[in-house]
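Read through the structure below, which is laid out as structure tokens, and then see the notes.
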Amino acid sequence: MNLTTIQSRTAKFCGDPDQTRFSSGYVDAINDAQKQFTLDTKSLFKDVAYTTVSGTSTYALPTDFLYEDTVTYNGLPLDPVSRHTLYTLYPDTDWTLLEGTPKCYMVDPEEASLVVRLIPIPQEAKPVSMRYYPLPTDVSSGSDVILNSSTLMTQFHLGIAAYAAWIILTSETITPEIVVKRNELLRIYTDAVEKAINTFKNTASAPLRLRGTNPR
């Protein structure tokens, strides 16, 4: 569905088919709903490639970066690591100055500047590849398609319309009818989330991690 179509579906879920009552809130709710869907399912991913520079440990992350899946250096996987672990491993050494072949990486929460840090610091030019989970691009034009226009995601559009309606109806006075309606909308959304997880299996054992956090 493009934005025009999914907005129409959302409006019908809200009992507002003419889009007169909640007209100013539909686009924002749809964008919020597609972001929540990507968080709940991790069904969108992208790949980005770098070439290391000798003596340079940090490399800019994509602007839509949410959290990483895998990072490889010269074709070999790197292990995620935290500052806490590094301080434990190198109690008498400034690990930020270690040089050599990278063995691990960290999305550094201290820098808050969207970089991935390789440890030790690479000393030669080698390829780095990262698969990551992105935030979806906001939609605004009627022809825009949610979830980064992925055709594989079309089957989940109705669930996102239902969740957008659920968001909009949070502003309504709570009545038994509204409670029943919101519960039904949440069920439709939850069914879409479960179907996405079962279909793509990207997150069977991975815990949710927020941007800039690292395992300890």
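Owing to the predicted nature of the structure, the values given are computational and were not obtained by experimental measurement.
No option in Lys181, Arg182, Arg21 other than Arg21 meets the salt bridge (charged side-chain N to carboxylate O under 4.0 Å, His left out) test with Glu172.
Distance CG/Leu158 to CZ/Phe13: 4.0 Å, rounded to 0.5 Å. Between atom OG1 of residue Thr10 and atom OH of residue Tyr26 there is a gap of 7.5 Å, rounded to the nearest 0.5 Å. Once rounded to the nearest 0.5 Å, the distance linking SG of Cys104 with OH of Tyr73 reads 13.0 Å. To the nearest 0.5 Å, atom OG of residue Ser57 and atom CG of residue Leu118 are 7.0 Å apart. Here Gln36 contributes atom CD and Tyr189 contributes atom OH; the two are 5.0 Å apart, rounded to the nearest 0.5 Å. With rounding to the nearest 0.5 angstrom, the CG atom of Leu169 is 9.5 Å from the CG atom of Asp16.
Between Lys42 and Asp69 there is no side-chain heavy-atom pair separated by less than 4.5 Å. When side chains are defined from C-beta on, Met1 does not count as touching Thr154, because their heavy atoms never get closer than 4.5 Å. Residues Val48 and Tyr132 have side chains in contact (heavy-atom distance under 4.5 Å, counting atoms from C-beta outward). By the 4.5 Å heavy-atom criterion applied to side chains, Thr70 and Leu78 are not counted as neighbours.
Neither side chain, Thr88 nor Thr85, offers a donor N or O lying under 3.5 Å from an acceptor on the other. Counted by atom type alone, Asp94 and Thr96 present one or more donor-acceptor pairs between their side chains at under 3.5 Å.
With Thr52 contributing its side chain and Glu124 its backbone, the two residues share a donor-acceptor pair below 3.5 Å. Using modelled atom types, one side-chain atom of Thr38 and one backbone atom of Lys35 make a donor-acceptor pair closer than 3.5 Å. Looking only at distances, a side-chain donor or acceptor of Asn148 sits under 3.5 Å from a matching main-chain atom of Thr137. At least one donor-acceptor pair closer than 3.5 Å links the side chain of Thr4 to the backbone N or O of Gly142. Proximity of a side-chain donor or acceptor of Asp144 to a complementary backbone N or O of Ser141 within less than 3.5 Å is detected. No donor-acceptor pair under 3.5 Å is formed between the side chain of Thr93 and the backbone N or O of Tyr90. For the pair Gln34 (side chain) and Asp32 (backbone), a donor-acceptor distance under 3.5 Å is absent. Here the side chain of Tyr59 pairs a donor or acceptor atom with the backbone of Val53 at under 3.5 angstrom.
Side-chain rings of Phe37 and Tyr163 stay apart, their centers remaining 6.0 Å or farther from each other. Ring centers of Tyr133 and Tyr67: under 6.0 Å apart, within the cut-off.
Partners of Asp47 by salt bridge (Lys or Arg N to Asp or Glu O under 4.0 Å), not counting sequence neighbours, listed by chain and number: Arg131. Legend: residues meeting salt bridge (Lys or Arg N to Asp or Glu O under 4.0 Å) with Glu99, ordered by chain and number and at least two apart, are absent.
Listed by first and then second residue, the salt bridge (charged side-chain N to carboxylate O under 4.0 Å, His left out) pairs involving residues 1-13 amount to none (not counting sequence neighbours).
Using a 4.0 Å cut-off between charged nitrogen and carboxylate oxygen, Arg187 and Asp191 count as a salt-bridge pair.
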